[in-house]
Amino acid sequence: MVLGTGIRDDFPLLSQTVDGKPLVYLDSAATSQKPRQVLDALSEYYRSYNANVHRGIYRLAEEATAKYEEARVKLASFVGAARPEEIVFTRGTTEALNLVAATWGRANVGPGDEILLTEMEHHSNIVPWQMLAAERGAILKYVPVTDEGRLDLDAFDRLLAGRPKLVGLTHQSNVLGTINPVRWIADLAHQAGALVVVDAAQSAPHQRVDVAALGADFLAFSGHKMLGPMGIGGLWARYALLDAMPPYHGGGEMITSVGLDRSTYKDPPYKFEAGTPNVADAIALGVAVDYMRQVGLEAITEHVHDLTAYALLRLKEIPGLTIYGPQTATNRGGAVAFTLDRVHPHDVAQVLDGEGIAVRAGHHCAEPLHRRFGIPASARASFHLYNTRAEVDALVEGLHKVRRLFARASSAAKEGAHGAG
Amino acid sequence: MALDDLYREVILDHYAHPRNRGRLEPNDVAMEGANPLCGDELVLYLRLQDGRVEGVSFEGHGCSISQASASMMTEAIKGKTLDEARALVASFKGMMRGEEPGDEMGDLAALQGVRKFPVRVKCATLPWISLEQGLDEYSARR
């Protein structure tokens with residue numbers, strides 16, 4: 001392990017027990033736990049300087065505004081933005097992607113235009129584009145996923161012949177763990193005249209995400225997966241691109257002047273931030289970013305990589321267990337989805353819960369990907385900087401217990417069950 | 001929360017050895033049911049004669065609770081009148097809401113442990129809702 005277990009002391013929630021057993025939290029791909037520093041920042045905001053931003057003359061409002069904008073600067077630096085105004089605060093990745101579809105999309109996508117996505121996208125990077133396509137008469141196409149869980153890059157090359165307006169892809173799959181070659185894809189997409197939107201919800205929590213190095217045009221992220229609070233995240237886009245886009249929600253804060261018939265809008269990012277923003281959570285996300293940088297992003301990446309490699313190795317010891325996605329930790333993040341022969345993923349998660357182990361079961365908001373692999377659902381363990389090899393060992397022990405409990409189910413009818421019983 | 005309350009012997013047995021599994025032909029009712037969030041899918045087949053459940057079977061896939069519940073349900077309603085089958089649906093739903101199961105429930109009482117696990121209740125009720133909808137559709141057709 002790269003990081004010591006001392007780091008766990010920063011996460012108050014992790015010290016609890018479940019039915020007398022230590023909590024083993026392996027669902028950070030759904031949401032990460034929060035360090036004390038983030039919790040304190042939230043509490044301090046509401047206790048000491050809660051005020052509405054961008055309009056108060058008084059000291060409290062000045063302080064709240066300064067801290068809110070300071071958080072924007074931290075996020076801009078975190079993703080390598082050219083200037084802070086390239087960061088739009090949103091509720092999270094989902095809202096950021098919807099914002100792009102509803103503003104840039106409506107202004108730039110017309111009948112017959114193609115939007116190219118991939119089969120491994122989270123629903124949040126599919127549904128907004130389906131809604132846009134239905135409204136504008138555009139066409140959705142998907143880059144297939146190989147049996148190994150990587151994007152079929154030859155097929156991608158061929159699909160570019162349709163000259164899509166937009167290529168949308170995840171930096172890291174929330175199911176397969178696959179880290180996609182975003183730069184390679186972005187360069188080809190740009191040559192074909194497309195813009196590139198990157199879903200960084202799963203990558204930003206564990207690795208350096210540099211928008212220039214990735215070649216992204218839009219990048220979306222969620223604070224709650226990167227040690228920050230729920231309800232805050234962001235969209236990065238080049239300033240000129242944001243400037244050319246129509247606004248998203250209408251309301252206060254996003255206007256320069258309002259008449260009865262029409263209004264004029266502020267410059268980015270404010271024209272995309274109508275209404276009172278989520279000041280407390282934005283500030284706390286800034287603190288989460290400080291925390292990650294203090295620990296060291298490279299160290300976090302290596303730590304999660306080490307746990308992933310160890311988990312892939314140990315899970316293979318379990319008879320009847322199938323891992324989806326790359327079988328080694330190369331270009332792979334810390335989400336490991338699997339199925340166990342003749343045991344439904346919900347039963348796997350239920351028995352593990354009895355051991356204090358929290359894993360997710362279902363389709364993880366990636367139904368098309370599960371259909372691609374011919375399974376209705378999977379179980380998923382995912383890691384962050386506070387997890388340990390001992391917790392991977394606990395997972396393996398727990399899975400042996402699942403097998404023993406369902407051993408009697410050995411002759412369960414397999415028909416129509418995709419092997420999951 | 002004791003896991004033994006959920007995974008009772010009789011439940012694991014029905015999961016391992018489902019009764020009345022497969023397609024029933026000919027049938028009077030073929031009712032599909034699904035829990036989209038879990039990916040559980042089920043088709044319930046009924047053959048009805050003289051106001052009784054003369055034949056019943058199911059196919060599909062899902063977790064141990066939904067599969068065992070379906071298997072036990074088919075055993076429980078075979079030979080019952082349609083009114084008796086409906087009464088059993090009501091009793092089962094009542095049990096899931098916390099009512100004590102009566103004698104008519106038999107082995108089905110083993111499923112009462114599910115109610116301690118709220119997210120799994122919809123797994124147990126899936127086949128029963130399909131049965132109710134199937135009977136409703138059948139009545140409406142006649």
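Since the structure is predicted, the reported quantities are computational estimates derived from the model, not experimental observations. Order of the sequence lines fixes the chain letters, A, B, ..., with proteins taken first and strands second; residue numbering starts at 1 for each chain.
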Interchain contact, A/V351 with chain B, by part (heavy-atom threshold 4.5 Å): both

Heavy-atom side-chain contact between A/D347 and B/R120 under 4.5 Å: yes

For A/H344 against B/G62, the heavy-atom pair lying closest together: CD2-C, 3.3 Å

Greater than 12 external heavy atoms within 6.0 Å of B/E54's CD: yes

Neighbour count above 12 (heavy atom, 6.0 Å) for B/R142 CZ: no

For the student: nearest non-hydrogen atoms of A/L405 and B/L12, plus distance: O-CD1, 3.8 Å

Heavy atoms of other groups near B/K122 NZ, more than 12 under 6.0 Å: yes

Ring pair (Phe, Tyr, Trp, His ring centres under 6.0 Å) partners of A/H123, counting only residues at least two apart: A/H363

A/Q350 vs B/I65 side-chain heavy atoms within contact, under 4.5 Å: no

Distance-minimising heavy-atom pair for A/V343 and B/Y15: CA-OH, 3.9 Å

Minimum side-chain heavy-atom gap A/P376-B/E41 below 4.5 Å: no

Straight-line distance of A/K401 NZ to B/L3 CG, nearest 0.5 Å: 7.0 Å

A/K316 atom NZ, over 12 foreign heavy atoms within 6.0 Å: yes

Within 6.0 angstrom of A/R91 CZ, more than 12 heavy atoms from elsewhere: no

